[in-house]
Amino acid sequence: MVTYFEASLNTISVHHVGNQSQSEMYALSDHPLVLKDELISSLLKQYFLAPFEKSVEVYHLMHSSGDLALNEIHHFATQIFEAKDKFHETSEQITKYLYKVANHPKIKSGELYVVYFKDVQIEGNLLDAIGIFKSENKETYLKVYPEKGGFAVDYEENAININKLDKGCLIFNIEKENGYKVVVIDNNSRGQDAAVYWKDDFLQLKIRNDSYNQTSNALGIYKNFVTNKIDEGFDMTKADKIDLLNRSMKYFKEKETFDMDEFADEVIANPKAIESFKTFKNQYEDEFDTKINDTFEISNNAVKKQQRIYKSVLKLDKNFHIYIHGDNKLIEKGFDDDKAMNYYKVFFKEEA
């Protein structure tokens with residue numbers, strides 16, 4: 001969790017990054033930005049830092065070769081943390097590097113802000129942090145103001161909405177040897193090949209394998225197994241699958257620590273299915289080079305986030321949705337020969 005009520009904005013440099021595949025250039029400023037008053041500083045802090053208050057996933061900078069020294073952003077961040085007088089010069093190097101790697105034709109041009117913050121809190125520690133932010137989307141704003149006994153309307157084009165940060169990261173001055181603690185925002189990355197450049201090409205991040213990610217990965221793998229894999233060895237209705245998902249969510253909500261054998265016995269409760277799930281988990285770990293421990297502390301934040309995508313709704317054609325929250329023995333599936341249609345029989349004691 002990131003908080004910034006004690007934070008101060010120390011230095012900020014602004015540059016412009018074009019798209020080289022579109023024959024656009026970059027433009028570097030000669031000196032750091034001069035903020036004319038405290039209100040501007042406060043608005044910039046809100047724009048840059050407020051989106052990170054809900055960040056729970058912490059990353060590290062990395063390099064595919066395994067040699068952290070080859071990660072350019074790690075090199076630039078270290079240069080700033082160790083020699084603050086080189087801040088603006090290094091911000092120019094960061095801009096040139098982004099211009100070099102962001103070469104997909106659909107990547108939008110925009111302003112790049114490099115900011116030095118003091119006293120930003122993450123996981124209980126007040127730390128200096130380097131922020132790198134990019135604004136790609138501009139909006140038009142109307143301005144209404146008094147004029148000659150009435151009101152007039154004007155507008156401003158290509159303005160920035162301070163409540164919509166497009167891309168950003170905070171690099172905290174801690175755990176340098178592991179790639180620093182990093183949190184990231186990327187609001188334009190949904191399903192776009194061009195958008196992966198921010199996390200993958202520019203920053204080169206790996207997610208920290210803490211309790212949050214252990215919990216999230218375990219729930220995600222189990223959901224994938226029940227949804228897509230378990231049919232290969234078992235004849236299961238959708239109601240049965242929903243029951244398995246509900247039981248897993250119940251386990252994670254009630255337990256403080258995950259134990260693989262305990263989870264398998266209490267939730268899956270079928271030796272053949274347990275073996276199939278463990279094989280599925282091992283294949284995932286090998287494919288994505290991500291180890292999920294047999295025991296770990298359960299993260300409540302990860303459970304809450306995963307619960308939003310765990311489906312407990314049985315959709316029947318376009319006529320009915322049945323929400324299944326408990327005992328699947330109270331719902332039976334059958335087939336009506338006269339109507340040539342499937343049916344579900346639901347048992348209950350009283351209507352709400």
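Keep in mind that what you see is a predicted model, and the values were worked out from it rather than measured. Residues take their numbers from the sequence shown, with the count starting at 1. Values reported hereafter were calculated over all heavy atoms of this structure, with side chains retained and with hydrogens, waters and symmetry mates removed.
For the pair K45 (side chain) and A7 (backbone), a donor-acceptor distance under 3.5 Å is present. The closest donor-acceptor contact from the side chain of D186 to the backbone of K199 lies at 3.5 Å or more, if one exists at all. A donor-acceptor pair is defined here as one N or O able to donate and one able to accept, closer than 3.5 Å; no such pair exists between the side chain of H31 and the backbone of H88. Using modelled atom types, no side-chain atom of D128 and backbone atom of F81 make a donor-acceptor pair closer than 3.5 Å.
A donor and an acceptor atom, one from each side chain of Y97 and E72, are located under 3.5 Å apart. With no hydrogens or angles considered, no side-chain donor-acceptor pair links N213 and N217 at under 3.5 Å. Neither side chain, E297 nor T257, offers a donor N or O lying under 3.5 Å from an acceptor on the other. Under 3.5 Å, the side chains of D243 and N246 contain no donor-acceptor pair of N or O atoms. Looking only at atom types and distance, the side chain of N19 has a donor-acceptor partner in the side chain of S21 under 3.5 Å away. For the residue pair S64 / Q204, no side-chain donor-acceptor distance below 3.5 Å is found, with atom types taken as modelled. Remark: the N137 side chain and the K108 side chain contain an N/O donor-acceptor pair separated by less than 3.5 Å.
The residues K134 and E111 are annotated as not salt-bridged, no charged nitrogen and carboxylate oxygen being separated by less than 4.0 angstrom. A salt bridge is defined here as a Lys NZ or Arg NE, NH1 or NH2 lying under 4.0 Å from an Asp or Glu carboxylate O, and K138 with E157 fails to meet this definition. Under 4.0 Å is where a charged nitrogen must lie from a carboxylate oxygen, and between K118 and E6 no such pair does. Classification of E82 and K176 as a salt-bridged pair holds, one side-chain N sitting under 4.0 Å from a carboxylate O. A salt bridge links K278 with D261: the distance from a Lys NZ or Arg NE/NH1/NH2 to an Asp or Glu carboxylate oxygen falls below 4.0 Å.
If you chain together hydrophobic residues whose side chains sit under 4.5 Å apart, V2 and I162 fall into the same group. Under the 4.5 Å side-chain heavy-atom criterion for Ile, Leu, Val, Met, Phe, Trp and Tyr, Y113 and I107 are members of distinct hydrophobic clusters.
Relative to the six-membered ring of Y59, K206 misses at least one condition, a distance below 6.0 Å or an angle of at most 45° to the axis.
Relative ring orientation between F263 and F277 is described as tilted, the plane-to-plane angle lying within the 30° to 60° band.
To the nearest 0.5 Å, atoms CD (Q214) and CD1 (I292) are separated by 6.5 Å. Put simply, CD on E89 and CD1 on I80 are 10.0 Å apart, with the number rounded to the nearest 0.5 Å. Interatomic distance, N163 CG to N161 CG, rounded to the nearest 0.5 Å: 5.0 Å. Rounding to the nearest 0.5 Å gives a distance of 13.0 Å between CD of Q20 and NE2 of H104. Rounding to the nearest 0.5 Å gives a distance of 10.0 Å between OG of S91 and NZ of K96.
Other residues, nucleotides and ligands contribute more than 12 heavy atoms inside 6.0 Å of the CD atom of Q22. For K54, the NZ atom is loosely surrounded, since the number of other residues' heavy atoms within 6.0 Å does not exceed 12. Within a 6.0 Å radius of CD in E256, no more than 12 heavy atoms belonging to other residues, nucleotides or ligands are found.
Checked against a 6.0 Å centroid threshold, the rings of F172 and Y180 do not count as neighbours.
V120 is not listed as a side-chain neighbour of F52, based on a closest heavy-atom distance of 4.5 Å or more. Side-chain contact between K223 and L245 is present, with heavy atoms from C-beta onward closer than 4.5 Å. At least one side-chain heavy atom of R208 sits under 4.5 Å from a side-chain heavy atom of V58. Between K281 and D294 there is a side-chain heavy-atom pair separated by less than 4.5 Å. Side-chain atoms of K167 and I185, non-hydrogen and from C-beta on, never get closer than 4.5 Å to each other. A heavy-atom distance below 4.5 Å is not found between the side chains of M62 and H74. With contacts defined as side-chain heavy-atom distances shorter than 4.5 Å, the pair F258/T215 does not qualify. Contact of the F87 side chain with the V114 side chain is registered, since non-hydrogen atoms from C-beta on lie closer than 4.5 Å.
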Does the pair R247 and E266 meet the rule for a salt bridge (charged side-chain N to carboxylate O under 4.0 Å, His left out), with working shown?
-> CA-CA 8 Å; R247 281 156 58 184; E266 291 186 14; over 6 Å; no
Show your working on salt bridge (charged side-chain N to carboxylate O under 4.0 Å, His left out) between D154 and K143 and close with a plain yes or no.
-> CA-CA 5 Å; D154 202 349; K143 296 186 291 184; 5.2 Å; no
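Across N103, L203, L98, a single residue satisfies side-chain contact (heavy atoms from CB on, under 4.5 Å) together with Y197, and that is L98. None of V184, V115, I94, L170 except one satisfies the side-chain contact (heavy atoms from CB on, under 4.5 Å) rule with I132; the exception is I94.
With sequence neighbours excluded, the residues satisfying side chain to side chain contact (heavy atoms under 4.5 Å, CB included) with S276 are F225. Shown here are the side chain to side chain contact (heavy atoms under 4.5 Å, CB included) partners of S65, two or more places apart in sequence or in another chain: H63, D67, L70.
Every pair passing ring-ring contact (aromatic ring centres under 6.0 Å, His included) that includes a residue from residues 114-161 is listed here, sequence neighbours excluded: F48-F133.
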